[in-house]
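Okay, structure first, notes after.
In what follows, chains carry the letters A, B, and so on, assigned in the order in which the sequence lines appear, proteins first and then strands, with residues in each chain numbered from 1. Being a predicted model, the structure only gives us computed values, none of them experimental.
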Number of protein chains: 4
Amino acid sequence: MVSTHRAPATASADDPTPTTRSRDVRSRLVDVAAELFARHGFEGTSVQTVVEAAGVTKGAMYHHFTSKDDLLYEIYARVLRTQINQLLRIAELDLPVDQRVHAAAVDVVESTIASLDDSIIFFRSMHQLGPDKQMQVRAERRRYHERFRDMIEEGQRTGVFSSAVPADLVVDYHFGAVHHLSTWYREGGPWRATDVGNYFADMLLSALRP
Amino acid sequence: MVSTHRAPATASADDPTPTTRSRDVRSRLVDVAAELFARHGFEGTSVQTVVEAAGVTKGAMYHHFTSKDDLLYEIYARVLRTQINQLLRIAELDLPVDQRVHAAAVDVVESTIASLDDSIIFFRSMHQLGPDKQMQVRAERRRYHERFRDMIEEGQRTGVFSSAVPADLVVDYHFGAVHHLSTWYREGGPWRATDVGNYFADMLLSALRP
Amino acid sequence: MVSTHRAPATASADDPTPTTRSRDVRSRLVDVAAELFARHGFEGTSVQTVVEAAGVTKGAMYHHFTSKDDLLYEIYARVLRTQINQLLRIAELDLPVDQRVHAAAVDVVESTIASLDDSIIFFRSMHQLGPDKQMQVRAERRRYHERFRDMIEEGQRTGVFSSAVPADLVVDYHFGAVHHLSTWYREGGPWRATDVGNYFADMLLSALRP
Amino acid sequence: MVSTHRAPATASADDPTPTTRSRDVRSRLVDVAAELFARHGFEGTSVQTVVEAAGVTKGAMYHHFTSKDDLLYEIYARVLRTQINQLLRIAELDLPVDQRVHAAAVDVVESTIASLDDSIIFFRSMHQLGPDKQMQVRAERRRYHERFRDMIEEGQRTGVFSSAVPADLVVDYHFGAVHHLSTWYREGGPWRATDVGNYFADMLLSALRP
DNA sequence: AATGAATGAGCATTCATTCAT
DNA sequence: CATGAATGAATGCTCATTCAT
């Protein structure tokens, strides 16, 4: 995040995308907003603050986003896109199910820690989204949950995992812990992201032992 | 028009608590505020809305609470008081450590579900609290965490539990799941509170098997 | 309108109405708003302008009126109240019907000219009123129209007036002319209010001759 | 990219009107604006709304009109052009003066009803016009009034009409009723345009009987 | 204890217009 | 001719809090 701010639109003349400038504005706004919403909350951050930090005018922001709410939604969309892609990538690896679950369980911890700001916003500000957008986010979130659950169920069906606990609850248990990370995890604390990921994944796998 | 007009609800002089009426007003305000803050968020609920719902006037509210913030703090204080008492009660039972941990793990799920509103507020609105009060809440929360962790450590020391995962992370894992409940648990869904509590406690104990 | 502004609440101590102060604020706002809305239009007048001219703060205005719209409505209500009372007074006089119609026809012209500002607003800004309030105004306006029409019909039934033109259209014809006054009538022009009133009333009566 | 990219709709050099295409755009904009201004008011209609409804871009609109105000002015100009032509046509017929007045009185009602939208705008939005344009409109309007008044005066001079009421006031009386039409007349109501026109013209002539 | 009018700073949003391309 | 990103000032309205009574 060093030379991003106010970069004087140095897109080379042969840049094929005509929207380089506007992509700059859009994504700069989303980046800045994510940071501010995480630090001060959605309601605690004024549009004025966001646009000032992004170095654009209010009018420009409203040219690209229909509302403050819309800006928030874009943050959600960005997180969800990343997370689901990551999960699908792992779920389709050619590995035994317990190894896939372990890898996914580690990955969700690591990537959550990698963008803790997004995570803070995700669970704290969902209710600020309009009802329609909230439903879209929930639907996408459910897809994510279901894809993970399918792996658990696969393991249960094939006897690799215990069936003592319903797969849905297993997923909620693990994801709850992940969600909670933004509350207590701090960079420079006693554990690196990968440590926490492995500890949590190990606990998950232990809990699933037949 | 100073002391007329009001039924002489004169609390006896040696009564240490405020008058019955004012206790009524105080707790009615806290109750109403908890519901509204959970439903619409702290910033999404105006003081006007709260006092109207509680059937008192704004002036009355500011007589009992120094600020809107203070009202929020009272909600936190109420939750924390209840939770810590409950945990201490269980932790001091004369039972093997794994049974105590299991009981505590079930209980925290059940009591969280019993007052889901409080839980919604707890994690969503912490940052609305002033820095001082936020620190107080965090300190109390830490005490709670530590008391639970102590039980885990006791089990690890005595070989009842595996020491593979640091006790602190074990607690964070379980509490994360509990925290997450307010996001997905719904009355009338497939599981009763006690079911979820037992499933989660079972997973925790499974994960801790040596 | 000399010493009204900012009068230092000189209500004598034995003033029985407890709301003298707030009535001051309310009616001062309505007066000022009527003048400004007439001069610059409803949309062309900002709330800021109104409250500055009335010497109150924006918050105070919103304490008394729920919206800018509500302020406009109050102007309408005031006009309608006055007009309907005046018409009823005349309609109930013990005079032949043609004299009552003449008197009412003169009076509506005179009173419209007496408060031309209100009339300018009335027809220019109706559409700025919310749908509910617009309906209320229309209903009240219809009552007024109907009371006038009843007198015309009475004259037609009794043969004093010609029945060549439906009574409703007769009323619309005359009221149209009255409505139009705010477009062209100017104080200090060739005719006094009473002149115009009598000329118009004479034309109406002439048109109604059998 | 100056003169490329556009089909060579080259209007012949001696064609005094702008190119067909641009005439299309211009008049489409005026048409659409008239409808929107009538329905939502001038201030209640954004330039964005107008250009979207007309299927052109904002830039295109500002190419043809110097401002939103200018668009409004064009509506006024169009109405005035039509009305004055119509009046002159009738005033120059070779008929007795009372018949000419009757015909003109009917015609102004009918043509007003034929384009009620324009009439709504005419009286409601005059004050939105800049002072210069407002003066131009008023001047043209005065010409119209005077041409009508001349006919009345001709009738008064020749004894066909009563001189009891000044001709100017007679015109204001009738035109007021016409102006008012947009407030109450509705297609599909009890009277067709021609009915109302004849009733009103009859009243006017009756009122003018010596 | 309680009232309710008043404050005043702050907020999200709109919009006519400009201008480089 | 046309585009669409950008401007910047203005707007209606909210709200926690205060204070005279």
Side-chain angles (χ1 to χ4, degrees), chain A residues 18-19 21-22 24-26 43-51 56-71, chain B residues 1-6 9 18-19 21-22 25 43-51 56-71, chain C residues 18-19 21-22 24-26 42-51 56-71, chain D residues 1-7 9 18-19 21-22 25 43-51 56-71:
Chain A
T19 46
R21 259 186 76 96
S22 63
D24 277 3
V25 171
R26 267 193 81 88
E43 305 265 21
T45 309
S46 73
V47 171
Q48 191 58 239
T49 311
V50 175
V51 299
V56 304
T57 61
K58 239 191 276 200
M61 190 229 121
Y62 277 98
H63 183 73
H64 291 284
F65 300 91
T66 64
S67 61
K68 188 185 176 190
D69 190 281
D70 190 34
L71 193 48
Chain B
M1 203 178 280
V2 181
S3 60
T4 50
H5 191 260
R6 177 140 303 298
T19 66
R21 245 197 93 81
S22 67
V25 171
E43 305 265 21
T45 308
S46 73
V47 171
Q48 191 60 238
T49 310
V50 175
V51 299
V56 304
T57 61
K58 244 192 271 202
M61 191 227 117
Y62 276 98
H63 182 75
H64 290 286
F65 299 91
T66 66
S67 64
K68 188 187 176 188
D69 193 279
D70 190 34
L71 193 49
Chain C
T19 45
R21 258 187 77 93
S22 63
D24 276 2
V25 172
R26 270 192 78 89
F42 178 76
E43 304 265 20
T45 308
S46 74
V47 171
Q48 192 57 240
T49 310
V50 175
V51 299
V56 304
T57 61
K58 234 190 281 202
M61 191 229 119
Y62 277 99
H63 182 72
H64 291 284
F65 300 91
T66 64
S67 61
K68 189 187 176 189
D69 190 281
D70 191 33
L71 194 48
Chain D
M1 200 179 282
V2 182
S3 59
T4 50
H5 192 259
R6 178 139 306 294
T19 66
R21 246 194 93 82
S22 66
V25 171
E43 304 266 19
T45 309
S46 73
V47 170
Q48 191 59 237
T49 310
V50 175
V51 299
V56 305
T57 61
K58 246 192 274 204
M61 191 227 117
Y62 276 98
H63 182 75
H64 291 286
F65 300 90
T66 66
S67 64
K68 189 188 177 189
D69 192 279
D70 191 33
L71 193 49

Practice task
Determine which bases of DNA chain E form Watson-Crick or G-U wobble pairs with both distances under 3.5 Å, and write the result as a 5' to 3' dot-bracket string with | for other-strand partners.
Solution key: .||||||||||||||||||||
Please list each protein N or O that sits under 3.5 Å from an N or O in nucleotides 17-21 of chain E, with the distance.
residue: E:dT17; atom: OP2; partner: D:Tyr62; partner atom: OH; Å: 2.7
residue: E:dT17; atom: OP2; partner: D:Lys68; partner atom: N; Å: 3.0
residue: E:dT17; atom: O4; partner: D:Lys58; partner atom: NZ; Å: 3.2

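In this structure, A:His63 places its NE2 atom 16 Å from P of E:dA16, rounding to the nearest Å. Summarising the geometry, the separation between CZ on B:Phe65 and P on E:dA2 is reported as 12 Å, rounded to the nearest angstrom. E:dA2 atom C1' lies 9 Å from atom NE2 of B:His64, rounded to whole Å.
Taking all atoms of both residues into account, the shortest heavy-atom contact from A:Val47 to A:Tyr62 is CG2-OH, 3.9 Å. Contact between B:Thr57 and B:Val51 at its shortest, heavy atoms only, is O-CG1, 3.9 Å. When all heavy atoms of B:Lys58 and B:Gln48 are compared, the pair lying nearest together is CE-NE2, 2.8 Å. The heavy-atom pair separating B:Ala60 from B:Val56 by the smallest distance is CB-CB, 4.2 Å. Closest approach of A:His64 and A:Arg26 over heavy atoms only: O-NH1, 3.0 Å.
With sequence neighbours excluded, the residues satisfying side-chain hydrogen bond (donor to acceptor under 3.5 Å, both in side chains) with C:Thr49 are C:Ser46.
Looking at heavy-atom distances under 4.0 Å, C:Thr45 makes contact with sugar-phosphate atoms alone, never a base.
A distance of 7.5 Å separates CG in C:Leu71 from CZ in C:Phe42, rounded to the nearest 0.5 Å.
Between B:Thr57 and D:Gln48, the residue anchored closer to the 5' end of DNA chain E is B:Thr57, taking for each the nucleotide with the nearest heavy atom.
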